[in-house]
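In what follows, a single structure is set out as structure tokens and then discussed.
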Amino acid sequence: MTRVLYARVPLVHGSWWLAWTEDGVCAGAGPEWDEARFVSWIRRRHDGDVAGGDPAAVPDGIDWRFVPSGFRRDVLRACARIPAGQTRTYGQLAVEAGHPGAARAVGTAMATNPLPPIVPCHRVVRGDGRIGEYGAGGPARKAEMLVREGVVVRDGVVAS
DNA sequence: ATACCGGCTAGCC
DNA sequence: GGGCTAGCCGGTA
């Protein structure tokens with residue numbers, strides 16, 4: 001049973017909640033969450049100890065143990081490989097994850113991403129260039145984050 | 001099994 | 001281009 005630590009961590013996109021084990025980050029949530037909500041959510045997904053940690057000591061990697069293997073993990077892992085400043089469409093990510101044709105299901109997998117913004121689901125946009133939805137704060141935040149990473153967004157559409 | 005539902009898409013006006 | 005539809009896939013009840 002692994003100990004999970006958590007803290008509000010200053011990131012380029014603001015102060016996000018992160019939780020981690022010795023093996024890597026295992027959960028994340030946006031700045032608007034309060035501590036009680038984040039902790040209770042962590043406890044629901046993890047039955048070990050949960051305690052406050054040092055925000056300066058967050059590990060670099062990701063601990064995938066709490067993401068069940070299968071489609072979800074395939075897609076999240078593929079998403080984690082998208083570099084800052086780049087985007088993919090839901091359809092492209094489906095291909096890269098080894099599930100061509102599953103664009104719609106990729107949307108669902110992104111919507112339930114347990115590790116925003118560490119798994120950068122904000123970099124996944126619609127096939128026609130429109131920003132698309134964003135569960136961890138809405139489309140406006142998604143657009144802000146992309147712009148901050150150097151992506152050109154105009155009227156809610158990623159420049160081609 | 002079956003029947004929705006959702007961060008999508010391609011095709012057709 | 002815009003708006004609509006039907007199809008799509010994986011998750012969940």
Side-chain angles (χ1 to χ4, degrees), chain A residues 4 6 8-21 24-34 37-48 58 61-160:
Chain A
V4 174
Y6 72 92
R8 226 185 228 290
V9 180
L11 305 172
V12 289
H13 297 304
S15 223
W16 288 62
W17 290 101
L18 295 182
W20 64 93
T21 68
V25 179
C26 60
E32 71 280 8
W33 283 43
D34 64 22
R37 181 182 180 193
F38 188 63
V39 171
S40 75
W41 179 60
I42 296 301
R43 287 191 193 287
R44 259 208 323 281
R45 308 179 56 235
H46 179 274
D47 52 4
V58 179
I62 294 172
D63 185 345
W64 292 101
R65 278 178 297 171
F66 306 110
V67 179
S69 61
F71 179 81
R72 271 270 207 40
R73 185 185 286 187
D74 295 343
V75 172
L76 289 171
R77 291 193 77 118
C79 179
R81 294 195 292 269
I82 307 172
Q86 294 189 19
T87 60
R88 297 289 187 280
T89 69
Y90 293 93
Q92 286 171 342
L93 191 58
V95 170
E96 291 173 9
H99 298 264
R104 190 61 187 79
V106 165
T108 303
M110 295 297 99
T112 57
N113 172 20
L115 325 174
I118 303 303
V119 169
C121 57
H122 59 282
R123 296 178 190 147
V124 186
V125 301
R126 297 176 49 137
D128 59 7
R130 288 157 62 194
I131 287 295
E133 269 301 330
Y134 188 54
R141 175 179 293 170
K142 186 173 181 176
E144 283 171 20
M145 293 169 75
L146 288 174
V147 169
R148 197 175 289 118
E149 294 180 352
V151 175
V152 178
V153 180
R154 189 166 30 106
D155 295 329
V157 177
V158 173
S160 52

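Quantities reported herein were computed from a predicted structural model and do not represent experimental measurements. Note on naming: letters A, B, ... go to the chains in the order of the sequence lines (proteins, then strands), and numbering restarts at 1 for each one.
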Would you check if A:V157 and A:I131 make a side-chain contact, meaning some heavy-atom pair closer than 4.5 Å?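 No, too far: nothing below the 4.5 Å cut-off.
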Any donor-acceptor N/O pair, [X] side chain to [Y] backbone, under 3.5 Å:
X	Y	value
A:K142	A:V125	no
A:T112	A:T108	yes
A:R8	A:L18	no

What's the separation between atom CD1 in A:I42 and atom CZ in A:R37, rounded to the nearest 0.5 Å?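 So the gap between those two atoms works out to 11.5 Å.
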A:W33 and A:W41 aromatic centres sub-6.0 Å: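 Centroid separation for A:W33 and A:W41: below 6.0 Å.
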Both distances under 3.5 Å, Watson-Crick or G-U wobble: on that basis, could you give the dot-bracket string for DNA chain B, with [ ] for crossing pairs and | for other-strand partners? .|||||.||||||
Chain A contact limits on DNA chain C, taken 5' to 3' with a cut-off of 4.0 angstrom to heavy atoms: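 Endpoints of the contacted stretch of DNA chain C: C:dC8 to C:dT12.
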Between A:E149 and A:R123, does the salt bridge (Lys or Arg N to Asp or Glu O under 4.0 Å) criterion hold? Intermediate values first, please. CA-CA 10 Å; A:E149 294 180 352; A:R123 296 178 190 147; 2.8 Å; yes
Under 3.5 Å, N/O pairs linking protein and nucleotides 1-3 of chain B:
none

For A:R126, is there an ion pair with A:E133 - N to carboxylate O distance below 4.0 angstrom?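 A:R126 and A:E133: not salt-bridged.
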Could you work out, with salt bridge (Lys or Arg N to Asp or Glu O under 4.0 Å) as the rule, every residue matching A:R72, not counting sequence neighbours?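 Residues passing salt bridge (Lys or Arg N to Asp or Glu O under 4.0 Å) with A:R72: none at all.
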Looking at A:V58, A:V4, A:D63, which hits side chain to side chain contact (heavy atoms under 4.5 Å, CB included) with A:W20?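 The passing option is A:V58.
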Chi angles and distances behind the side-chain contact (heavy atoms from CB on, under 4.5 Å) call for A:W16, A:V9: CA-CA 5 Å; A:W16 288 62; A:V9 180; 5.9 Å; no
Pair listing, ring-ring contact (aromatic ring centres under 6.0 Å, His included) test, anchored in residues 101-122 of chain A, at least two apart: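 Only A:H13-A:H122 qualify under ring-ring contact (aromatic ring centres under 6.0 Å, His included).
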Could you list the protein-to-nucleotides 6-8 of chain B atom pairs, N/O on both sides, closer than 3.5 Å?
residue, atom, partner, partner atom, Å
B:dG6, N9, A:R104, NH2, 2.8
B:dG6, N2, A:T108, OG1, 3.3
B:dG6, N3, A:R104, NH1, 3.4
B:dG6, N3, A:T108, OG1, 3.3
B:dG7, N7, A:A111, N, 3.2
B:dG7, O6, A:M110, O, 2.5
B:dG7, N2, A:Y90, OH, 3.3
B:dG7, N2, A:C121, O, 2.7
B:dG7, N2, A:K142, NZ, 2.8
B:dG7, N3, A:Y90, OH, 2.8
B:dG7, N3, A:E133, O, 2.8
B:dC8, OP1, A:R126, NH1, 3.2

